Amino acid sequence: MDQLLVFMPLLVVLAVFMFFTSRRQKRAMQATIDLHESLQVGDRVHTTSGLQATVARITDETIDLEISPGVVTTWMKLAIRDRIEPEVLDTDVDPEITADPERLHKD
């Protein structure tokens with residue numbers, strides 16, 4: 001009985017570690033599923049191999065990616081790593097300053 005009490009804290013720590021690891025894995029898997037379900041034709045994406053392309057067509061298991069104009073390849077949906085968000089222009093910049101390059105250097 002004393003031997004069981006010696007290993008009890010180790011078992012508790014191991015159980016807590018496994019619980020949090022499985023939660024993180026489930027969360028990551030759900031994020032991937034949500035990404036795949038939200039993809040639309042025209043979205044820019046990264047694949048797991050680092051390719052950047054535009055979604056041309058989506059089926060249940062595959063996705064057609066346009067690598068360059070007129071070049072379309074078929075991939076498994078699982079190969080999509082993430083969506084490339086369009087860059088947003090900085091609207092906090094004063095248009096008068098950017099319109100006059102000399103004024104940029106004076107300030």
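Positions are given from 1 along the sequence. None of the values given here were measured: they were computed from a predicted structure.
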Under the side-chain hydrogen bond (donor to acceptor under 3.5 Å, both in side chains) criterion, do Thr74 and Arg57 qualify, and how do the steps go?
CA-CA 9 Å; Thr74 302; Arg57 189 179 73 132; 5.6 Å; no
Give a yes or no on whether the backbone of Gly70 and the side-chain of Glu66 come within a donor-acceptor separation of less than 3.5 Å.
yes
Within-4.5 Å side-chain heavy-atom neighbours: Arg81 and Thr47:
no
Would you say that Ile80 contacts His36 through its side chain, given a criterion of any heavy-atom pair below 4.5 Å between the two side chains?
yes
Under 3.5 Å, is there a donor on one side chain and an acceptor on the other for Thr54 and Arg44?
yes
Are Phe19 and Val16 joined in one hydrophobic group, where the rule is that I, L, V, M, F, W and Y side chains link up if heavy atoms are under 4.5 Å apart?
yes
Determine whether Ile63 and Leu51 fall in the same hydrophobic cluster, where Ile, Leu, Val, Met, Phe, Trp and Tyr are linked whenever their side-chain heavy atoms lie under 4.5 Å apart.
yes
Side chain to side chain contact (heavy atoms under 4.5 Å, CB included) between Ser49 and Trp75, worked out:
CA-CA 11 Å; Ser49 62; Trp75 294 68; 3.7 Å; yes
Val45/Asp82 under side chain to side chain contact (heavy atoms under 4.5 Å, CB included): CA gap, chis, key distance, verdict
CA-CA 6 Å; Val45 294; Asp82 61 0; over 6 Å; no
Chi angles and distances behind the side chain to side chain contact (heavy atoms under 4.5 Å, CB included) call for Arg83, Ser38
CA-CA 10 Å; Arg83 178 183 293 120; Ser38 70; 2.8 Å; yes
Passes side chain to side chain contact (heavy atoms under 4.5 Å, CB included), His46 versus Ile84? Steps please.
CA-CA 7 Å; His46 279 129; Ile84 302 171; 3.7 Å; yes
Just wondering, are more than 12 heavy atoms of other shown residues or ligands nearer than 6.0 Å to CD in Glu61?
no
Result of checking Ile58, Leu35, Leu39, Thr62 against Lys77 for side-chain contact (heavy atoms from CB on, under 4.5 Å):
Ile58
For residues Val41 and Ala56, report the shortest heavy-atom separation together with the two atoms involved.
CG1-O, 3.6 Å
Linking Ile, Leu, Val, Met, Phe, Trp and Tyr by side-chain heavy atoms under 4.5 Å, what else ends up with Leu78?
Met76
Quick one: pull up OG in Ser22 and CZ in Arg27 and give me the separation to the nearest 0.5 Å.
10.0 Å
Separation between NZ of Lys26 and CE of Met29, rounded to the nearest 0.5 Å
12.0 Å
